[in-house]
Amino acid sequence: MNRLRTATEAAAAIRTGQTSSRELTEDLLARIAADTTVNAIVETRPEYALAAATAADKAGGAGPLHGVPMTVKDAIDVAGLHTTWGDPAFADYLPTTSAPLVERLTRAGAIIVGKSNVHTMLGDFGQTANELYGRTNNPHDPARTPGGSSGGGAAALAAGLTYLEYGSDLVGSIRLPAAYCGVYGLKPTAGVVPLDGFQPPGPPAPTTEFPNPSSLGPLASSAADLRTALAVTGGPTGKAISWHLERPRHQKLADYRVGVVLDHPDAPVTDEVGKALSNQVDALASQGVKIVEGWPDGVDPAAQAEAFGFQIGLFFATHGENADFAPLAQVIHEEQNRIAARAAWQTYFEDIDVFLCPTSFTTAFPHDDRPFEERTIDGRPYDAQVFWISHASLAGLPAVSMPIPADGLPVGGQVIGPFHEDDTAITFAELLAD
């Protein structure tokens, strides 16, 4: 059997009889069991997965993910698999119900074979390690990080240990691992994928009307897989409410109008990142793509990055940490900044289709076990990783991290799209890869 890489390829091969779900699942489980280097998948359920695969082969089906074995991030509830958040205190927690996105993936035909590793309590955007399962390594260089906190899922894709993954992104936790591991990762438009079934074990989080900057989204080996995963998992949980993925603005690469910024003094890119992205923009221009350089009018990138930092602090304050985080007047002011940021970006997207920038200023860096506040990356601030992902997060915009051709370690390019036009960003990434 030829080794398939993407969920789209796997589903098509099953439907056309080139292989079976049972064969793919057996092969995937064997690869996971044989892994001694990456440590990306931390728990599997072989009996369930093989029985589900056998049933899929007998029943047939037209689901877009029919018979495809996949994994999800440890922090997302799956009935029958532990949800630990990488914390020994939750080592024995076994949820009895699955998150809505897991139920939707299953209805689309996917088979959840296991869970991917996370950083302890998802507390690091640059690395993935915890006391329960240890450290996940980057398949391109095991001495380097896969990113965090969805590092297990990104590393599993890069190592061929899963066909599709679902993760979470609060501070770049989908996009940064995708960039460092050379795979695709989507932070959807804010609120598109329901967050139910994604919280630490224990009492439900306090109900609040404050915006939630956290998103659940897919990681994959192709842009097409991102589209499929989002199409089957998006939409509110109310039965009377319908949702569909908006069509992309264009189907031809040359029709796209692309905004571009490749560097900034607050997070200057390394030579490897700058060269790869510059070459990619030159290639776009040679294909007749309209390139518009510079930040949108009304967008102060440094101020927006700072405003995003405030929103993260506010998120933790509304979830039980540091209730005296900020006075009400400042909260109101920062909410006005967030709304103004979204408005500025939406005005920009009236004339521009997507915005291309780095996902991170760097490629994957060596593992670093020092305390968080002591870490640096080649002498640069550790939290500079957050700068490039902050703008889409602040405004709630969809953003795809995609691999950009590079010499050496993977480089991630970030494609930011208009609000609720996720497939415009996905399709651009797909056309760019083609």
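This chain uses plain numbering: 1 for the first residue, then up along the sequence.
A donor-acceptor pair under 3.5 Å links the side-chain atoms of E165 to the main chain of K73, judged by distance alone. The closest donor-acceptor contact from the side chain of N130 to the backbone of V118 lies under 3.5 Å. Distance alone, capped at 3.5 Å, is enough to place a donor-acceptor pair between the E9 side chain and the T6 backbone. T162 places a side-chain N or O within 3.5 Å of a backbone atom of L164 that can act as its donor or acceptor partner. A donor-acceptor pair under 3.5 Å links the side-chain atoms of S222 to the main chain of D225, judged by distance alone. Side chain of R104 to backbone of G235: a donor-acceptor contact under 3.5 angstrom is found. Here the side chain of S150 pairs a donor or acceptor atom with the backbone of S173 at under 3.5 angstrom. Judged purely by atom type and a 3.5 angstrom limit, Q414 uses its side chain to pair as donor or acceptor with the backbone of P358. The closest donor-acceptor contact from the side chain of K115 to the backbone of D74 lies under 3.5 Å. Panel note: side chain S20, backbone E23; a donor-acceptor pair is recorded below 3.5 Å.
Considering only heavy atoms from C-beta on, S390 stays 4.5 Å or farther from Q304 through its side chain.
Nearest approach of G152 to A40, heavy atoms of both residues: O-CB, 3.2 Å. Of all the heavy atoms in A178 and G185, the pair that sits closest is CB-N, 3.7 Å.
Using a cutoff of 4.0 Å between basic side-chain nitrogens and carboxylate oxygens, D423 and R227 are scored as salt-bridged. A salt bridge links E421 with R249: at least one charged nitrogen is closer than 4.0 Å to a carboxylate oxygen. Salt bridge E26/R22: present, at least one basic N to carboxylate O contact under 4.0 Å. Contact check on R31 versus D35 returns no salt bridge, with no Lys/Arg side-chain nitrogen under 4.0 Å from an Asp/Glu carboxylate oxygen.
Other residues, nucleotides and ligands place no more than 12 heavy atoms under 6.0 Å from the CD atom of E131. Few gaps surround CD on E374; more than 12 heavy atoms of other groups in view lie less than 6.0 Å from it.
Applying the ring pair (Phe, Tyr, Trp, His ring centres under 6.0 Å) test to pairs two or more places apart or on separate chains, those with a residue in residues 114-159 are F125-F372, F125-Y382. Residue pairs satisfying the ring pair (Phe, Tyr, Trp, His ring centres under 6.0 Å) criterion with at least one member in residues 79-99, sequence neighbours excluded, are listed as follows: W85-F198.
By the ring pair (Phe, Tyr, Trp, His ring centres under 6.0 Å) test, Y166 is found to be paired with no residue, residues two or more places apart in sequence or in another chain being considered. The salt bridge (charged side-chain N to carboxylate O under 4.0 Å, His left out) search around R375 returns D124, not counting sequence neighbours. Shown here are the salt bridge (charged side-chain N to carboxylate O under 4.0 Å, His left out) partners of D141, two or more places apart in sequence or in another chain: R144. Annotation: salt bridge (charged side-chain N to carboxylate O under 4.0 Å, His left out) contacts of D368 (sequence neighbours excluded): R370.
The aromatic rings of F355 and W345 lie perpendicular to each other, with more than 60° between the two planes, well past the 30° mark.
For F310 and F325, the distance between ring centers is under 6.0 angstrom. Ring to ring, Y348 and W295 are not that close: their centroids are 6.0 angstrom or more apart.
With hydrogens and angles left out, the side-chain atoms of T189 and D422 include a donor and acceptor closer than 3.5 Å. Side-chain atoms of N117 and T136 include a donor-acceptor pair closer than 3.5 Å.
Taking CG from D196 and CG from L101, the interatomic distance works out to 9.5 Å, rounded to the nearest 0.5 Å. Atom CG of N39 and atom CZ of R135 lie 10.0 Å apart (nearest 0.5 Å).
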